[in-house]
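Take a look at the structure set out below.
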Amino acid sequence: MPTLRDTIAEDLRTQITAGHLKPGDRLPSEPKLATHYKVSTPTIRQALALLQAEGLIEKTHGKGNFVRAPLRRITYRGGAGIPFTPDLQTTIRTTTVRARGHIRTLLRVPPNTPLTEFYCTTYEGEAPRSVARIYIPRDLAPAAQLASPSWPGGREPGTAETQETVTARLPTPEEATALRISPTRTVLTITRIALNSAGRVLEAVFLTLPSDAADAVFTTHATLKERETDR
């Protein structure tokens, strides 16, 4: 049986999708909504949190809740590292760091190994669409790499295998600020490592995208041995 929170969220969702509430419209205040639906303010906040997580509304501090304009979805293709299309612009900031904690474990390097960190932000116009941190051992990150047209949107040279883990979660404060999204809006995170034929990890990538405006597509190709078996 639907809860009061779900019933209220569904009513507001219907008003938005039917066009009765249009992009940019301000919703009534939480006390007014509570009076209208004859529920407590916490119940209203729970219903609004559902709509925020779906990307239908956004809360502006000190101003209220507004209907969001629908965002064009972007597609991440498995093995790419970051979304990379002609209509997206990418800024890259480079820093030297030392391998520690989870990053060291993923890269399979000794503690304090020098790494190059590439902090990449993709934009559509002025709107940030994704953020990524890419870590590469210093001996594998020549400066000339940045001039390659296939990077960071393509595979690391020498890659024989990629492993990717996809997770949906709430953003960290840093991610919410960088993507200019509400801390209650779910993000899609992709952790990717690339290995060469000897099993050495060439790079580790941590990509974050707003989940309501992004798709992740992974394509599997049959090996020659598998194709021969199917005959």
Can you see which heavy atom on [X] is nearest to which on [Y], and at what distance?
| X | Y | answer |
| --- | --- | --- |
| Leu107 | Ala204 | CD2-N, 3.8 Å |
| Arg26 | Ser29 | NH1-N, 4.3 Å |
| Arg185 | Pro210 | NH2-CB, 3.4 Å |
| Pro83 | Tyr76 | N-CD1, 4.2 Å |
| Pro171 | Pro183 | CD-O, 3.5 Å |

Polar side-chain atom of [X] near backbone of [Y] as donor-acceptor pair, under 3.5 Å:
| X | Y | answer |
| --- | --- | --- |
| Thr95 | Glu117 | no |
| Thr113 | Ala99 | no |
| Thr121 | Thr91 | no |
| Arg73 | Asp212 | yes |

Verdict with reasoning, Leu106 to Thr191, per side-chain contact (heavy atoms from CB on, under 4.5 Å):
CA-CA 10 Å; Leu106 283 178; Thr191 301; 3.9 Å; yes

Give the cluster check for [X] versus [Y]: same hydrophobic cluster or not, with ILVMFWY residues linked at side-chain heavy-atom distances below 4.5 Å.
| X | Y | answer |
| --- | --- | --- |
| Ile181 | Leu51 | no |
| Leu21 | Leu33 | yes |
| Leu115 | Val201 | yes |
| Val109 | Ile134 | no |
| Leu179 | Leu209 | no |

Does some side-chain heavy atom of [Y] sit less than 4.5 Å from a side-chain heavy atom of [X]?
| X | Y | answer |
| --- | --- | --- |
| Val187 | Arg169 | yes |
| Arg68 | Pro23 | no |
| Val67 | Leu27 | yes |

For side-chain contact (heavy atoms from CB on, under 4.5 Å), just list the numbers for Thr116 and Glu203, CA-CA rounded to whole Å, side-chain angles, deciding distance to a tenth of an Å, and then say yes or no.
CA-CA 10 Å; Thr116 298; Glu203 69 176 15; over 6 Å; no

Closer than 4.0 angstrom, basic N to acidic O: yes or no for Glu126 and Arg180?
no

Could you go step by step and tell me if Leu50 and Asp6 meet the side-chain contact (heavy atoms from CB on, under 4.5 Å) rule?
CA-CA 8 Å; Leu50 288 177; Asp6 295 330; 3.5 Å; yes

Going through the distances and angles, do Leu48 and Leu12 end up as a side-chain contact (heavy atoms from CB on, under 4.5 Å)?
CA-CA 9 Å; Leu48 294 176; Leu12 292 171; 4.0 Å; yes

Geometric class of the Phe206/Tyr135 ring pair [parallel <30°, tilted 30-60°, perpendicular >60°]:
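Tyr135 vs Phe206 ring planes: perpendicular.
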
[atom2] on [Y] to [atom1] on [X], rounded to 0.5 Å:
| X | Y | atom1 | atom2 | result |
| --- | --- | --- | --- | --- |
| Arg200 | Leu140 | CZ | CG | 4.0 Å |
| Leu195 | Gln163 | CG | CD | 5.5 Å |
| Gln89 | Arg129 | CD | CZ | 11.0 Å |
| Thr60 | Phe66 | OG1 | CZ | 5.0 Å |
| Gln52 | Arg45 | CD | CZ | 11.5 Å |
| Thr43 | Tyr37 | OG1 | OH | 13.0 Å |

Atom CZ of Arg77 with >12 non-hydrogen neighbours under 6.0 angstrom:
no

